[in-house]
Amino acid sequence: MAGTGILQLPYTVSQGGWLALGLVVLVGVMTNWTGKLLIQSLYLNPAGYERLPGYPEIGEAAFGRFGYFFVQFFHKSTLFGVSTIFLVLAAKFLLEGLGGDGEGILNHAVTFDPSVDWTSAWTLLSAGCVLFPVVYYRTLGENHVLSLLGAMSTVLAILVVVFFAIYLNPIGADDANMDDDTYVFSPPTHKLLDFKLFPSAFSAIVLSFGGAATFPTIEGNMEKPHHFSKTLNKAFAILVFLYLITAVAGYYTWGDITFSPILCNLPRGDDFSGRVVQMTKLFVAFHVMSAYPILMNALVSEVECKIPFFRSTIPRCIERTTLVGLTCLIAIKVPFFGPLMTFIGSGCLTMIVFVCPVIFNFRLRAMKKMKIGAMEKVAGTIVVIAGLVGGSIGVAQSTTDLINAFK
C-alpha cells in the first residue's frame, strides 16, 4: 500500500494546512471501510454463493455490463496514469541523482551538454528500460523481490526525510534549494487551514491510499481470507503512522517552501549528505522503473484476453510499444509530478476507492434483501458525496495547476 504517494504528503499538507493531517487519518479510515465493503461484495453474488472473481465483476453483478465497463474505465485509467507518474518520477530522480542539471553523481565524471533537455532525455531512457520487460514478457505478475524492493525504497525514503527534517531544522538560506535566482530567503511559514486548496490535498492523499483497488486480488491470494479485515486494520494503522510522521516532519521543517516530491527539499551537492540523498533518489527511481512493467502488464493483459487479435506476437508488440510510448510522451510533455498526481487521484481513484465500493455494496445487499442500518446509510452517503465533490474540485484545481505550470 505504501508507495511513491508518500513523497507527496508534506507538500499536500503545505497546500491544505496543518488540518490536512486530519485528512490523512480520515481518508485512511474511509478507505479501510470501503475496502471491507468491497471484499464483502465479492461474496454477494446474485447468481448464487460463488465468490465473484474481482472488482469489475462486482460492478457487473450490481449494474450489468455498464457497471463492468465503468470499473474497467477508471481502473485502467488509473493504471495508465500511475505508470506515467512513474516515468515522471524516474526521470526527475535520475536527473538529480546521476546528472544533467548541475548536480548528480556523474557530473564531475561526465560532461553534460547544457543545450540538451535532460529531463526529456532521462524520460526517454526510463521508457526504453521498461519497454523490454513490457514487450518481452507476455505475463508479469507481482513478485516478492519487487515487493521487497518497494518496501525498502519506501522505508529508506521515510528515514532519509525524517532524518534531514530534524537535522536541518531550522533551515537557512543554503538549505532552501530554490532554483530561482531572484528568490530572497525568509524563514518558512505554516498555515492552519486553506479552504481553497483543501480538495486538492484530499485528492492527493487518496492516491496515497490508491492500492485499495487491488484488495480483491490480495484477499483472493491469502491463505486465510477470513483474516482479511484484521490484517487490513493492522496494515492501515502502520500506513497512517508512516504517512503522518513523514508529512509532519517535512512540513514542519520546510513549511511553505515544501516541494513535491519532498526529496527535492533535501541537501544537494557533493558532500556526504548530498550523496546520501542522491542514492536515495536513484533507489526510488529504480523501484518505480521496476514496478512500471507490472502496472502496464495489468493494463494490457485483459485487453489481449478480450481481443484475440492482440494475442499474436506482432500485434501484441505494437500494442504494448504504443502504450509505453504514450506514457513516455505524456511524461515528457507534462513533467509535473504534484499536479499530475492530484489529477489522477481526483479524476480516477476517488471513484474507485470511495464511490463505487459503497454504491455497489449497497446495491448488491438490496438485491439480496439484506438490511442496511441507518447509520451505515448515512456513512455511505457521506463517503460518496466526499468522493464526488472532492474529486470534482480536485480535477478542476489540478487542471488549473497543470495549465499554470506550462506558463
Side-chain angles (χ1 to χ4, degrees), residues 3-4 7 76-107 109-143 145-150 152-153 157 261 263-264 278-304 310-337 340-341 344:
T4 55
L7 302 177
K76 297 304 184 284
S77 296
T78 301
L79 291 174
F80 184 87
V82 174
S83 297
T84 304
I85 290 174
F86 278 3
L87 286 185
V88 172
L89 195 62
K92 185 173 185 63
F93 284 165
L94 287 174
L95 176 72
E96 297 176 0
L98 291 178
D101 192 26
E103 58 180 286
I105 295 174
L106 300 180
N107 259 340
V110 179
T111 301
F112 289 92
D113 188 347
S115 65
V116 175
D117 181 355
W118 285 102
T119 299
S120 298
W122 285 120
T123 304
L124 286 169
L125 178 63
S126 301
C129 291
V130 301
L131 178 62
F132 174 76
V134 170
V135 173
Y136 183 77
Y137 294 103
R138 184 183 295 268
T139 59
L140 188 66
E142 179 68 82
N143 62 65
V145 174
L146 291 181
S147 296
L148 180 61
L149 176 63
M152 289 174 60
S153 66
L263 291 182
C264 294
Q278 289 166 359
M279 293 304 298
T280 302
K281 290 177 179 178
L282 291 176
F283 197 73
V284 174
F286 179 70
H287 160 56
V288 297
M289 290 169 63
S290 300
Y292 179 103
I294 296 175
L295 295 183
M296 186 55 67
N297 188 268
L299 174 62
V300 301
S301 59
E302 191 161 349
V303 174
E304 294 166 1
F310 288 118
R311 297 175 193 171
S312 302
T313 301
I314 293 178
R316 186 180 76 250
C317 291
I318 294 174
E319 169 219 9
R320 296 186 176 204
T321 302
T322 300
L323 286 172
V324 173
L326 285 174
T327 60
C328 179
L329 179 62
I330 295 173
I332 290 175
K333 296 297 183 181
V334 193
F336 311 115
F337 177 75
L340 194 59
M341 183 173 174
I344 300 299

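This is a predicted model, so every value here is computed, not measured.
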Is any side-chain heavy atom of [X] closer than 4.5 Å to a side-chain heavy atom of [Y]?
{"X": "Arg316", "Y": "Glu304", "value": "yes"}
{"X": "Lys92", "Y": "Pro335", "value": "no"}
{"X": "Pro261", "Y": "Leu89", "value": "yes"}
{"X": "Val284", "Y": "Leu7", "value": "yes"}
{"X": "Val130", "Y": "Met296", "value": "no"}

Distance-only check: which donor-acceptor pairs under 3.5 Å involve side-chain atoms of residues 321-334, not counting sequence neighbours?
| unit_1 | atom_1 | unit_2 | atom_2 | d |
| --- | --- | --- | --- | --- |
| Thr321 | OG1 | Cys317 | O | 2.7 |
| Thr322 | OG1 | Ile318 | O | 2.6 |
| Thr327 | OG1 | Tyr292 | OH | 2.6 |
| Thr327 | OG1 | Val324 | O | 2.7 |

Tell me the closest heavy-atom pair linking [X] and [Y], and the distance in Å.
{"X": "Glu96", "Y": "Gln278", "result": "O-CG, 3.8 Å"}
{"X": "Phe93", "Y": "Ala285", "result": "CB-CB, 4.0 Å"}
{"X": "Leu87", "Y": "Ala127", "result": "CD2-N, 4.0 Å"}
{"X": "Cys129", "Y": "Pro133", "result": "O-CD, 3.3 Å"}
{"X": "Thr280", "Y": "Ala157", "result": "CG2-CA, 4.2 Å"}

Using 0.5 Å steps for rounding, measure from the [atom1] atom of [X] to the [atom2] atom of [Y].
{"X": "Ile294", "Y": "Leu299", "atom1": "CD1", "atom2": "CG", "result": "14.0 Å"}
{"X": "Asp117", "Y": "Leu95", "atom1": "CG", "atom2": "CG", "result": "9.0 Å"}
{"X": "Leu282", "Y": "Met289", "atom1": "CG", "atom2": "CE", "result": "10.5 Å"}
{"X": "Trp122", "Y": "Leu98", "atom1": "CH2", "atom2": "CG", "result": "4.5 Å"}

Does CZ in Phe283 sit with more than 12 non-hydrogen atoms of other residues, nucleotides or ligands closer than 6.0 Å?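 Above 12, so yes.
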With a 3.5 Å cut-off and sequence neighbours excluded, list the donor-acceptor pairs that the side chains of residues 76-86 form with protein atoms.
| unit_1 | atom_1 | unit_2 | atom_2 | d |
| --- | --- | --- | --- | --- |
| Lys76 | NZ | Gln72 | OE1 | 2.6 |
| Lys76 | NZ | Glu302 | OE1 | 3.4 |
| Ser77 | OG | Phe73 | O | 2.7 |
| Thr78 | OG1 | Phe74 | O | 2.7 |
| Ser83 | OG | Leu79 | O | 2.7 |
| Thr84 | OG1 | Phe80 | O | 2.9 |

